[in-house]
Every structure is written in C-alpha cells, then in structure tokens.
Amino acid sequence: MTYTDPNKKFKRYTVTSALPYANGPIHIGHLAGVYIPADIYTRYLRSVGEDIVFIGGSDEHGVPITIKARKEGVSPQDIVDRYHEIIKKSFKELGISFDIYSRTSSPVHHQTASDFFLELYKKGVFIEKISQQYYDEVAQQFLADRYITGTCPHCGFEKAYGDQCESCGTSLNATDLKNPTSALSGAAPVLRDTKHWFLPLDKYEGWLSEWILQGHKSDWKANVYGQCKSWIDQGLQPRAVTRDLDWGVKVPLDSAEGKVLYVWFDAPIGYISATKELTPDWEKYWKQEDTKLVHFIGKDNIVFHCIVFPTMLKAEGSYILPDNVPANEFLNLENDKISTSRNWAVWLHEYLLDFPDKQDVLRFVLCSNAPETKDNDFTWKDFQAKNNNELLAIFGNFVNRTLVLTQKYFGGKTPELGELTSLETELIAELKEFPGKIGRSIELYRFREALAELMNLARLGNKYLTETEPWKLIKTDENRVKTVLNLSLQICANLTILCEPFLPFTAGKLSQMLNLGKLNWIDAGSYTLLPEGHALNEPAFLFEKIENVQIEAQVNKLLETKKANELQNKTTVLAKANIEYDDFAKIDIRVGTILEAERVPKTKKLLKLKIDTGIDQRTVVSGIAEYYEPENIIGRQVSILVNLAPKNLKGIDSQGMILMAEDADGRLCFVAPSQEVKNGSEIK
RNA sequence: GGCGAGGUAGCUCAGUUGGUUAGAGCGUCGGAUUCAUAACCCGGAGGUCACGGGUUCAACUCCCGUCUUCGCUACCA
C-alpha cells in the first residue's frame, strides 16, 4: 500500500536500471545516478509489500567491446565475461538488490530480442534502406565506423576513426575520411551496398507528442520532459536498427547474413529478457496495464528510454509503457568530470576493498548528494564530513547512547513504558508521521529529501534524550528513565525499518542488536515495536570515524591519476610518414596580413577574414573565434596556405587556410614570422 | 548558433498556483552539557535569490533581454 496511489491503480511494479556497458567497471557516477536510487525505491516498495521486480544486467554488445577485444587479443566474450563478473560482484557487495542481474549475451536474451525484431518486421513496422558502407575485401566483412581509420577532413590527423577524430574531436561519417584504411586487414576498404532496417520514429511523432508532452507534463522531471520536448519538436528521423557486425544478436532474416541488431535496439529488450529469465510469469510485469514500469537511468539515456524504446514497445503493441523515467544528472569528482578513459573516477570494486564494511557510508553520501536536479560534485572531504558529522554523529550516536544506557541501567532489557507526559505524546505523534513522509518522498523519486527526513528521526531521538536527561534522572526517578529509554528504543526500532532502503547493512546490524524479527514499513510509526522485557544483544558501533589519513590516501590516488594524465597529454602526436621534397614543394604558404575580420553569424567558432596575401586579397573562413576577438587581430601577420582548393563554409567561399599551432587542450594560436616581412613572402 | 536543464547563505540543496521577516543540513562562532565514537542539545552570525529592464498594490516566483555552468546538436580549410 503506497501513499501516492491510495486507490491502488497499480498492482505491481517493474523497475529497471540502465544496463551498464560491459567494457569497464562501475564507478560512483553510475551509482549516484542510477543504481542507488533504484535500489532505494525497490527496497522501499518491497517493505511496503508491493509486488515488484528489480531488473539489471550487463549490456554486452556493440562495437567498442569488439575493439577492446581486438586490442587485447582476446575474444569479445572474454571481455564481457570479465567485466560482467566484476560488475555483478561489486553490485552485490554494495547491496544493490536486483531480483536478477542478467546479461545481453545470454541465450534467452538473443531469442527474445530476435523475436521482438521479427514481430515488428512481420507487422511491417520497419522501412528498408540500401546505403553504401565500407567493406573490407580481404577480411570479407563490412566495417563498423570505428574499424576504419583515415585522415580527418577537418584537421588532417591521420589516425581519425570513422565515427570521430580524436585529435580535433569532430564527429565524422566514415565516408568523410580521406585515405580510409581497414583496421582489420590494413587494406583500403571499398564502398558496397548494404541493406538495413530502420525504425521510422517520425511516424510516431504525433503519438509521442500526445503521450509525453500532454500526458506527462506534470509528473516527469523537468530535465527529462524538456529533453523529450526538444527532440520531438525538432522532428524525429528514422533510426537504423541493424548493423553490419558479427558481435551481437543476429538479424533473424534470410537476407541478413552478417548483420546484427544495433546495440541500442537490443539492449533495452534486455530488461524484458531478464524478467523472462527471472520468472515464467514475466508477461504480467510487461503487458498488464496495472503494472507500473519505471526506468532508472542517467541523463545521457533519456532519449532512448523516453522516445526510442517506448516507440518499439508501442509498435510491438502488447507491451505497457514506462510510467516514469526518473533520470538523474551527472556526478563530478573533485570538480572534474568523471571519465573512464582518463581513469578519473572512484571505482566501486576499489572502494569496497579500500573501505571494507562501509557500503552504507557510500550509499549514504551518494544519496544525500545525488544529482537529482543538477550536476553535483563528490569530494572526499565531503565524504568524510558526511560520515563523521551526520551518519556517525547523529544516527550512530543516538543508537549508541540509547543502547549503552539501556545496558547500563537495565541490563540490556527493554524497560517498561510508564506514564506519558506531554513531551512523550508529542514525540509519539511526530514518530507516527515519519513512515508517510519518507515514503511519499521516495515514491516521488525525491531520495535526498527522504534521506534527510530519516535523519530527522534520529535528531528527534537525540533531542528527546537531551531534554529528559536520563543519566541524571536515574538518581531520582528510575521509572521515568524506563519510559524514556523504552521510547528511545522504539525510535531505534523505527530507524531499523525506515533506514533499510537507504542503509540495508546498517538495518541488518541494528536489527541484530535490537534482537528484532522481520519488520515491514507498515509496522513503522508505532511505539510498541519492542515489548517490555525484550532482551537486546550487545551494542556495537554502527559507524566508525573516518580519519584524515584515509581521505588523504584517496586524494593522493586521484592526484597521481592527474599527474599521469598530464604526462600523457604532454606526449606529442607521433610524426607522420615521411614525404619527398616534391610533396612539400607543392605546398604554397605565404605571409599575409589580416585586413578585416568579423564573426560569421550563427556560428561559435568561425571568423571571416580578409587577407592581403601579397598576391591578392582574399577571403578565408577560419575556426578561431573562440580564441581571438575580430577587432584584436586586424593588422596581424599570419601564415596562409594559398593553394588549397576553395571550400564553401556557411555560404562563404574560403580561399585558403590560416596556419595555427594547437596545443594538447585544443587551444589555437597564429603561426607568424618573428619579425614583420613583406606580404607574400614564401614560407619554406 | 539552436535546443534542454541549471545559476538561492562558505559548501550541498528546499522554496508548491506571485502574498508577512527567503528556509534546511553541514561548516563557522557562542552557550549549555557529559549518557554517548570531543559526539549530542540550544542560540547567533551569514543572502542585492547571477545581472538589467518590464507587468503588478506585491516578484526568488510571471514576461523580455544579458551574462554564466552543464548536456545534446550544428559549424570549425
């Protein structure tokens, strides 16, 4: 029985958490954004007595995994096996309570995804398109964009990938590359026709608009709603659901040899296949209108879960749609973006080793600091402060002082509840409100708020003890002390129930110390959870202080990473292959002077320059607007490549290229003669 | 440039449909206390609600503009 659905519109819940990509371990960003909120939500609903399945699993297909496998000389299966195990184990140790943690390489998933595709195919949902794609004739296969390297058409970097140039950061199409080379065989690939199936999102625009823009205007988070609106308003395009690749779910059609489902198509179906693996009753969790489907994801996944996947479900026809998609923003680490490739992260499996038995500390910190409404920052100093000054000082300390006093005065047995003063009746009335307040916040996906409310219950307890001063009263009025400690113990019992979704390990310890049986949310709010004379177990600390040395060790670890990264940045790009003098002689570089400069409207980086090259005056468009103000560069001498074929940019014919030096972080500056020379002077 | 989400106390965040004196936690300062892991409890200080206009009797809240952070997207010979 939930607080926000008193009429019981929903009879059961399907909660999914984004499938982590199995090419690396889990870090705190994943946890704060997705898994901790999802786990709190799930544990709460279980405690409330709802029928719920909590689904997770590894996303194991896609090109990056095949690339990593090639690099390491192992099979893609080896890669996903490795990370799947690390991820699964670390989730379990943190207490993320999946009902099933599956994987998309499982046979059930392959079958399910395949069937799903076939069903849409039979319904005539897809459109087929033939396009040209690079094919490696030596390796006899089509090449994913990532498998093609070549010269970047923008910056000339020779090892740009087919989807992106790592030198200038531009995203590319493989067909943009000059001198494309296959990473498989080293051969020059050729363009070949290939057929692919597309999901025509454009045809569902009207429906999406009605369902999301009208139907979920008030209950979806602002960031989620806004992002969806932005996509729908801009107009949706058909999206390819298949790829030429041999790692993934095979396209179940005769004419689709060597093709697999595109990873974004197969991954969300993983939620369904995992449910299938979990229970033969899976259909009621996916196909009955009285099931509430909730996707926990990060903001990078909004479009897939709000637009693409629902369109797939809608097109299939027999599935329910998500009721909510509570996407979180991003978590930063020590003022810098978390990055797997730069190793700038706190890795869960490392945390679990460095801070044994402190799962709840991480859960607490990441929940209280979760990026629910905007990007947030994790710092080790804050981690320490939250543990020492809140979790320990308020929660742990209250429990400890209550148990120690009970041990001391009453031999560890729950004393009897005597006469109640107005102080107690107020306390009892307040206590009664907590389950509802916390529950409602959780149901509305306001986990920070819920956790803060939980802490307020411990505060209430501390205040009660301070106000009644049982350590003084014991000398004069033992009966009164019995009442005070009885109620304090009842608060501890309530904390046990209410903290479980957030701090399951603590709940376990508390339950053991209080010698409690299994209690549920419905029991909370009561002041008679522990009967008179109930024997307690030996008290122990719930939390321990985190010392400066431990924090310094973690900070130093990050500083090391930073140093290593800087070193790496300093290493310059390797020299290109040798050329003959004749090749160089073809290049005509002159010194010229900037006569005019203005911004190209509606661009961020482009300046339109008029250059006196000594030969002529010509117009050049240059991407330097982020580094130079137009008015500051007029009259400057620059180097200009004058015999480059003209190119039209934003409607302007650019006749040449200004030479720029670029450092590791992409900053540009002019390359110019060290003293003024005549315009038109050759550079050689 | 377009779109989306932000910009509120030193830090992390609340502020519902515009309505007394803008709130909370942590930190800080002071007090009280000693049952408790120097913890708890009480109190104080601390805010031009990014900035500039406008609507209104009244604006953190609504409208317009500017600056700024993050994300997506375009361009960057």
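Protein chains get the first letters and strands the later ones, always in sequence-line order, with residue 1 at the start of each.
- Among B:rA36, B:rC70, B:rA39, the nucleotide with an atom closest to any side-chain atom of A:K408 is B:rA36.
- At least one cation-pi condition fails for A:K413 and A:F410: the charged atom is not both under 6.0 angstrom from the six-membered ring centre and inside a 45 degree cone around its axis.
- Put simply, NZ on A:K545 is 16 Å from P on B:rA36, counting in whole angstrom units.
- Between A:T373 and B:rA14, a side-chain N or O to OP1/OP2 separation shorter than 4.0 Å is present.
- One can place NZ of A:K381 at 15 Å from P of B:rC26, the figure rounded to the nearest angstrom.
- Considering only side-chain N and O atoms, A:K374 lies nowhere under 4.0 angstrom from the phosphate OP1 or OP2 of B:rG71.
- Between the side chains of A:T613 and A:D616, a donor-acceptor pair is found at a separation under 3.5 Å.
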TODO: Tell me, with the steps shown, if A:E372 and A:Y445 meet side-chain hydrogen bond (donor to acceptor under 3.5 Å, both in side chains).
DONE: CA-CA 9 Å; A:E372 285 179 12; A:Y445 314 104; over 6 Å; no
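- Between A:W211 and A:C306, the shortest heavy-atom contact is CZ3-O, 3.4 Å.
- B:rU8 and B:rC3 are spaced 24 Å apart, taking the P atom of each and rounding to whole Å.
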Open item on the list: Using side-chain hydrogen bond (donor to acceptor under 3.5 Å, both in side chains), reason through A:Q227 and A:S230 one step at a time and then give a plain yes or no.
Closed with: CA-CA 5 Å; A:Q227 182 88 333; A:S230 163; 5.4 Å; no
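- Comment: A:K509 engages A:D357 in a salt bridge, judged by a side-chain N to carboxylate O separation of less than 4.0 angstrom.
- Looking at RNA chain B, the stems built from 3 or more consecutive Watson-Crick or G-U wobble pairs, each pair with its key distances under 3.5 Å, are B:1-7 with B:67-73, B:10-13 with B:23-26, B:28-31 with B:41-44, B:50-54 with B:62-66.
- Looking at the side chain of A:N369, the nearest of the listed nucleotides B:rG71, B:rU37, B:rU12 is B:rU12.
- Taking a 4.0 Å limit (strictly below) on heavy-atom distances, residues 449-463 of chain A reaches RNA chain B at A:R459, A:N462, A:K463.
- Taking atom C1' on both nucleotides, B:rG19 is separated from B:rA59 by 10 Å, rounded to a whole Å.
- Nucleotides B:rG15 and B:rG25 place their C1' atoms 15 Å apart, quoted to the nearest Å.
- Within 6.0 Å of NZ in A:K358 there are more than 12 heavy atoms belonging to other residues, nucleotides or ligands.
- Between A:D377 atom CG and B:rG10 atom P the separation is 18 Å, expressed in whole Å.
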Task: Contact state string [nucleotides 28-34 of chain B, B base, S sugar-phosphate only, - no protein heavy atom under 4.0 Å] - done: ------S
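- Not a single salt bridge (charged side-chain N to carboxylate O under 4.0 Å, His left out) links A:K337 to another residue, sequence neighbours left out.
- Every salt bridge (charged side-chain N to carboxylate O under 4.0 Å, His left out) that A:R446 has, sequence neighbours left out, goes to A:E449.
- Atom-to-atom, CG of A:L465 to P of B:rA39 comes out at 18 Å; the value is rounded to the nearest Å.
- Proximity of a side-chain donor or acceptor of A:R480 to a complementary backbone N or O of A:I474 within less than 3.5 Å is not detected.
- Nucleotides B:rG43 and B:rA5 have their C1' atoms positioned 39 Å apart, rounded to a whole Å.
- For the C1' atom pair drawn from B:rG4 and B:rU37, the interatomic distance equals 47 Å after rounding to whole Å.
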Nucleotide N/O of nucleotides 60-64 of chain B paired with protein N/O under 3.5 Å:
none

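- Put simply, the side chain of A:K608 reaches to within 4.5 Å of the side chain of A:T619, judged on heavy atoms.
- Among residues two or more places apart in sequence or in another chain, the side-chain contact (heavy atoms from CB on, under 4.5 Å) test is passed with A:S209 by A:L213, A:I232.
- Heavy atoms of other residues, nucleotides or ligands lying less than 6.0 angstrom from CH2 of A:W380 number more than 12.
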- [ ] I would like to know whether A:N679 and A:T593 meet side-chain hydrogen bond (donor to acceptor under 3.5 Å, both in side chains); could you show each step before the answer?
- [x] CA-CA 7 Å; A:N679 283 340; A:T593 298; 2.7 Å; yes
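- If you take atom C1' in B:rU61 and the same atom in B:rU16, they sit 10 Å apart, rounded to whole Å.
- Listed by residue number, the members of residues 382-399 of chain A with any heavy atom below 4.0 angstrom from RNA chain B are A:N389, A:E390, A:L392, A:A393, A:I394, A:N397.
- Rounded to an integer number of Å, the gap from A:E334 CD to B:rC11 C1' is 13 Å.
- Closest-nucleotide positions on RNA chain B for A:F543 and A:V620 were compared, and the one nearer the 5' end corresponds to A:F543.
- Distances from the side chain of A:R446 to the nucleotides B:rA39, B:rG71, B:rG15 place B:rG15 closest.
- For residues 296-305 of chain A, the pairs satisfying side-chain hydrogen bond (donor to acceptor under 3.5 Å, both in side chains) are A:Y271-A:H305, A:K299-A:E329, A:K299-A:D375, with sequence neighbours left out.
- Distance noted for atom C1' between B:rG46 and B:rG23: 14 Å (whole Å).
- Residue A:W264 contributes atom CH2, which lies 19 Å from atom P of B:rC72 at whole-angstrom precision.
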Polar pairs (N or O, both sides) under 3.5 Å between protein and nucleotides 2-4 of chain B?
unit_1 : atom_1 : unit_2 : atom_2 : d
B:rC3  : O2'    : A:S230 : OG     : 2.6
B:rG4  : O2'    : A:Q227 : N      : 3.4

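- Residues A:E334 and A:T379 bring no donor and acceptor atom of their side chains to less than 3.5 Å of each other.
- For A:E390, the side chain to side chain donor-acceptor pair (under 3.5 Å) test picks out no residue, with sequence neighbours left out.
- For the P atom pair drawn from B:rU66 and B:rU21, the interatomic distance equals 33 Å after rounding to whole Å.
- Every residue was checked against the side chain to side chain donor-acceptor pair (under 3.5 Å) condition with A:N388, not counting sequence neighbours, and none meets it.
- A side-chain donor-acceptor contact under 3.5 Å links A:Q384 and A:N548.
- If A:R448 and A:N400 are placed on RNA chain B by their nearest nucleotide, the residue sitting closer to the 5' end is A:R448.
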Open item on the list: Set out, in order, the CA-CA distance, both residues' side-chain angles and the distance that settles ring pair (Phe, Tyr, Trp, His ring centres under 6.0 Å) for A:F364 and A:F383, then state yes or no.
Closed with: CA-CA 9 Å; A:F364 178 83; A:F383 171 84; 10.0 Å; no
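- No side-chain heavy atom of A:I611 sits less than 4.5 Å from a side-chain heavy atom of A:Q617.
- What separates CD of A:E544 from P of B:rA39 is a distance of 15 Å, to the nearest Å.
- One can place CZ of A:F541 at 10 Å from C1' of B:rA39, the figure rounded to the nearest angstrom.
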